[in-house]
Amino acid sequence: MKIASWNVNSLNVRLPHLQQWLSQAAPDIVALQETKLEDERFPDDALAAAGWRSVFSGQKTYNGVAILSREAASDVQIGIPGFGDEQKRVIAATVGDLRIVNLYVVNGQDVGTEKYAYKLRWLDAVHDWLADELREHPNLVVLGDFNIAPDDRDVHDPEIWNDDHILTSTAERDALKRLYALGLHDGYRLHHDEGGVFSWWDYRQAGFRRDRGLRIDLTLVSDALRGACAGAGIDREPRTWERPSDHAPAWVELG
DNA sequence: ATGGTAGAGAGTCTA
């Protein structure tokens, strides 16, 4: 069972890349972020023709999340329960015996801004919700664009990406550690200790060519699934394609 | 990095 996450940065633009990658990587479940599509425009017919079921929650221009699966999803949850949020950043569903939570975590703009404060509030609400989800669904997978690089191995230059910078500030990393403390484990780190492997490279300054990236696309597996996590990786190849997303697909293998 | 590029969509906003 291969489960992947990919911030596609506009599904309208990236649908051909997604279709190409789905056919060559053959995942079973895929969490998408930044679809930037209202639900009426989601390409569920095109994906169904290739054998994919889709559940999605989107909006124009910004945000938007979806879960694709070979097997039908059930018990779909849109948004964080009890947390009023206009932004379409969260979708959860049950697929087989797995509960899948797909997150497009708030970026945060800059440390100290209102958007940064919103990011920390948002992560706090996610924490409390996931505590409930874990009680109800021990087989929990939480994945997506976390917009947090867990530690200095996950950034190309820790001098730049320090406590003053979004994606690496102590408060953000502490919020991620609080999720780990619920009994969630970074699937990639269960299998790889080395640094310098990234999932996002800025479009600017030739970030990808110079491999100036961050690992911010994560898959967390619950205690109950930890032993079943058989491998993890990041597919750099789609980032080399013409007109790519700025993110690469990240995946784990379960069972 | 008060910069840079990409996407959406029509002037900026977000990342």
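Note that the coordinates shown come from a computational prediction; the quantities given were computed from them, not determined experimentally. Throughout, protein chains are lettered first and strands after them, A, B, ... in sequence-line order, and every chain is numbered starting at 1.
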Phosphate OP1/OP2 of [N] contacted by [X] side-chain N/O (<4.0 Å):
X      : N      : answer
A/R14  : B/dG7  : yes
A/R239 : B/dA6  : no
A/K115 : B/dT14 : yes

query = Can A/R173 and A/D154 be counted as an ion pair, charged N to O under 4.0 angstrom?
reply = no

Measure the distance from [atom1] on [X] to [atom2] on [N] and round it to the nearest whole Å.
X      : N      : atom1 : atom2 : answer
A/H247 : B/dA15 : NE2   : P     : 11 Å
A/W161 : B/dA15 : CH2   : P     : 14 Å
A/L37  : B/dG7  : CG    : P     : 14 Å
A/Q205 : B/dA6  : CD    : C1'   : 14 Å
A/E34  : B/dT5  : CD    : C1'   : 14 Å
A/Q87  : B/dT14 : CD    : P     : 9 Å
A/R243 : B/dA6  : CZ    : P     : 10 Å
A/K60  : B/dT12 : NZ    : P     : 18 Å

ask   = Could you go step by step and tell me if A/Q33 and A/D145 meet the side-chain hydrogen bond (donor to acceptor under 3.5 Å, both in side chains) rule?
value = CA-CA 7 Å; A/Q33 304 86 33; A/D145 177 356; over 6 Å; no

query = A/W161 vs A/H165 aromatic rings, parallel, tilted or perpendicular, using cut-offs 30° and 60°?
reply = tilted

ask   = What nucleic acid atoms does A/F208 come within less than 4.0 Å of, heavy atoms only: base, sugar-phosphate, or nothing?
value = nothing

ask   = If you look at every strand shown and take non-hydrogen atoms under 4.0 Å, does A/R209 touch a base, only sugar-phosphate, or nothing?
value = nothing

key: Selected nucleotide, minimal atom distance to A/Y104 side chain, candidates B/dA8, B/dA6, B/dA15   = B/dA15

B/dG9 and B/dT5, which share atom name P, separated by this distance in whole Å = 22 Å

inquiry  = Say we look at B/dG11 and B/dA6: how far apart would their P atoms be, to the nearest angstrom?
reply    = 23 Å

query = How many angstroms lie between CG in A/L167 and CD1 in A/I148, if you round to the nearest 0.5 Å?
reply = 8.5 Å

Which residue lies more 5' along DNA chain B, comparing A/N9 with A/N63 via nearest heavy atoms = A/N9

ask   = For DNA chain B, whose closest nucleotide is more 5', that of A/Y62 or that of A/N12?
value = A/N12

query = Should we count CD of A/E242 as having more than 12 external heavy atoms under 6.0 Å?
reply = no

